Engineer: 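Shown below is the structure under consideration.
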Amino acid sequence: MQSSFWRRILVSFAVFFLAGSIWIGHPSSALAYDNPDLLPNFQTPVVDLAKSLTDIQEEKLVSDLKQFETDTGWKLRVLTQYDRTPGRAVINYWGLDDKSILLVADSRGGNILSFSVGDAVYELLPRTFWIELQTRFGNLYFVREQGEDQAILQALNSVKGCLLKGGCTVVPGLPREQWILTLITSVIGGIICGFAAQPRNDKQIFAWQWALIFSPLWGILFIAFGIGPVVTRTSDWLPLVRNISGFFIGALVAYLSPVFSRPSSRAEL
């Protein structure tokens, strides 16, 4: 009876905690209100309420987006906001449809970028693409170093480039932070492979059976997390060579570690 009571308490606490987390992590949507008074009385693909762009940047961006829509049929729109938002009024203002992409920049959150994407766009750019795009260009570190304007412009350039290529599964380009992470996983994969390949007796030089047994672990680290993100995001060969070198160096150091830890003959005497 007492066990059932505490179980109910724990379940209730978990439900309230989950509901609170969802409420905190998902505040009112940027398009939850309808305030058309904030929108201009003329048609433009860029509504910069937060003044994130300079006049020259906005003018050039308007021209580029209009030309891109004329050439490809894809409708890219940009809305920047801070303390006030036109909300759902932008749907009618721009006539957003299945071939529309709306970028909303709002610096009030932890990530300034969010996207509203038409159904036809997902055929070329999957949901994981938009998550990576938001994470790469909208995070506070990128905005702090490059500025809100570059977060908006570079994100749009990635989208336009992928649409012109006929689609992308990942965001093109390999940031230094992401490459360092792939290098670390490559080295760790090499270390695991090297330790697994250490000989178990004097007659054995290379324990290929153990290396094969542990291949799912070091293979995932090296191939899936070390090589995969590099070859899918850039054609530059230098990061690839560095990751492969890191793997073999890690494997060699781990494989030869017993030699370095073995006491010298003088110490034995």
Side-chain angles (χ1 to χ4, degrees), residues 20-31 46-58 60-61 64-65 76-85 101-117 121 125-163 168-189 221-222 224-236 238-243 246:
S21 300
I22 294 175
W23 181 76
I24 293 174
H26 295 80
S28 57
S29 173
L31 301 179
V46 179
V47 177
D48 188 13
L49 298 178
K51 300 302 179 184
S52 301
L53 305 170
T54 65
D55 292 339
I56 297 177
Q57 286 175 327
E58 182 177 356
K60 185 177 185 301
L61 183 59
D64 290 345
L65 295 185
L76 274 65
R77 299 293 184 263
V78 178
L79 169 66
T80 72
Q81 58 190 22
Y82 183 65
D83 56 342
R84 297 183 301 169
T85 172
I101 300 170
L102 171 60
L103 182 153
V104 180
D106 192 331
S107 58
R108 289 175 295 181
N111 191 300
I112 74 164
L113 297 182
S114 60
F115 300 91
S116 179
V117 182
V121 182
L125 306 174
R127 297 182 185 275
T128 52
F129 172 90
W130 299 103
I131 295 174
E132 183 181 352
L133 187 70
Q134 180 186 33
T135 304
R136 179 181 300 185
F137 297 113
N139 69 81
L140 294 179
Y141 297 102
F142 183 91
V143 174
R144 187 181 304 161
E145 293 179 1
Q146 304 289 335
E148 293 184 14
D149 57 340
Q150 290 303 313
I152 297 170
L153 297 175
Q154 293 191 36
L156 287 174
N157 287 335
S158 295
V159 173
K160 290 192 295 183
C162 284
L163 290 175
C168 295
T169 56
V170 296
V171 179
L174 186 67
R176 178 176 176 81
E177 297 79 9
Q178 189 173 13
W179 168 71
I180 291 176
L181 182 60
T182 63
L183 178 62
I184 292 173
T185 57
S186 298
V187 173
I188 294 175
L221 288 170
F222 176 51
F225 296 116
I227 300 300
V230 176
V231 298
T232 56
R233 287 167 174 80
T234 179
S235 58
D236 189 4
L238 187 58
L240 182 62
V241 170
R242 288 175 174 173
N243 285 12

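Everything quoted here is computed from the prediction, not taken from an experiment.
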Engineer: Does any part of the side chain of L163, heavy atoms only, come nearer than 4.5 Å to the side chain of V159, both counted from C-beta?
Structural biologist: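 Of all side-chain heavy-atom pairs linking L163 with V159, at least one is under 4.5 Å.
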Engineer: Enter the distance from L153:CG to L53:CG here, rounded to the nearest 0.5 Å.
Structural biologist: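 That separation rounds to 6.0 Å.
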Engineer: Taking it one step at a time, do F222 and I227 satisfy side-chain contact (heavy atoms from CB on, under 4.5 Å)?
Structural biologist: CA-CA 6 Å; F222 176 51; I227 300 300; 3.8 Å; yes
Engineer: Is the shortest side-chain heavy-atom distance between V104 and T80 below 4.5 Å?
Structural biologist: no
Engineer: Indicate yes or no for a side-chain donor-acceptor contact from S158 to the backbone of Q154 under 3.5 Å, with no hydrogens or angles considered.
Structural biologist: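 Answer holds: yes.
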Engineer: Without swapping roles, check the side chain of Q81 against the backbone of D106 for a donor-acceptor pair under 3.5 Å.
Structural biologist: no
Engineer: Do side-chain atoms of T234 reach the backbone of V230 as a donor and acceptor pair under 3.5 angstrom?
Structural biologist: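 Checking the backbone N and O of V230 against the side chain of T234, no donor-acceptor pair under 3.5 Å is found.
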Engineer: Do F137 and I112 pass the side-chain contact (heavy atoms from CB on, under 4.5 Å) test, and can you show the C-alpha distance, the side-chain angles, and the key distance before you say yes or no?
Structural biologist: CA-CA 9 Å; F137 297 113; I112 74 164; over 6 Å; no
Engineer: Kindly write out the residues that satisfy side chain to side chain donor-acceptor pair (under 3.5 Å) with T182, not counting sequence neighbours, or none if the list is empty.
Structural biologist: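 Here the qualifying residues are N243.
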Engineer: Under the criterion side-chain contact (heavy atoms from CB on, under 4.5 Å), I'd like the reasoning laid out for S186 against L221: C-alpha separation, chi angles, the key distance, then a yes or no.
Structural biologist: CA-CA 6 Å; S186 298; L221 288 170; over 6 Å; no
Engineer: Looking at L174 and P229, what are the two nearest heavy atoms and their distance?
Structural biologist: CD1-O, 4.1 Å
Engineer: For residues 149-160, which residue pairs pass the salt bridge (Lys or Arg N to Asp or Glu O under 4.0 Å) check, not counting sequence neighbours?
Structural biologist: none
Engineer: CD/Q146 to OH/Y141 distance, rounded to the nearest 0.5 angstrom?
Structural biologist: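 If I round to the nearest 0.5 Å, the distance is 15.5 Å.
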Engineer: Any non-hydrogen side-chain atom of V170 less than 4.5 Å from a side-chain atom of F129?
Structural biologist: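 No. Closest side-chain heavy atoms not under 4.5 Å.
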Engineer: Quick one: CD on Q150 to CD on Q57, what's the gap to the nearest 0.5 Å?
Structural biologist: 6.5 Å
Engineer: Would you say CZ of F115 has more than 12 non-hydrogen atoms from neighbouring residues, nucleotides or ligands within 6.0 angstrom?
Structural biologist: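 Atom CZ in F115 is packed in, count exceeds 12.
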Engineer: So, taking the atom named CD1 in I101 and the one named CG in L76, what distance separates them when rounded to the nearest 0.5 Å?
Structural biologist: 4.5 Å
Engineer: Any side-chain heavy-atom pair from D48 and V78 closer than 4.5 angstrom?
Structural biologist: no
Engineer: Flag yes if more than 12 heavy atoms outside D55 fall under 6.0 Å of its CG atom; otherwise flag no.
Structural biologist: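 Not more than 12 within 6.0 Å, no.
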Engineer: If you apply the rule side-chain contact (heavy atoms from CB on, under 4.5 Å), what do you find for T232 with T169, and how did you get there?
Structural biologist: CA-CA 9 Å; T232 56; T169 56; 5.8 Å; no
Engineer: Please find the pair of heavy atoms, one from P126 and one from C168, that lie closest to each other, and give the distance.
Structural biologist: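 Minimum heavy-atom separation between P126 and C168: CD-O, 3.1 Å.
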Engineer: Spell out, as yes or no, whether a donor-acceptor pair under 3.5 Å connects the side chain of W130 to the backbone of L125.
Structural biologist: yes
Engineer: What is the distance from atom CG of N139 to atom CG of L113, rounded to the nearest 0.5 Å?
Structural biologist: 9.0 Å
Engineer: More than 12 non-hydrogen atoms from neighbouring residues, nucleotides or ligands closer than 6.0 Å to CG on L238, yes or no?
Structural biologist: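 Above 12, so yes.
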Engineer: Measuring from atom CG of L103 to atom OG of S114, what distance do you get when rounded to the nearest 0.5 angstrom?
Structural biologist: 7.0 Å
Engineer: What pairs of residues pass the salt bridge (Lys or Arg N to Asp or Glu O under 4.0 Å) test when at least one of them lies in residues 132-143, not counting sequence neighbours?
Structural biologist: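 Residue pairs with at least one partner in residues 132-143: E132-R136, E132-R233.
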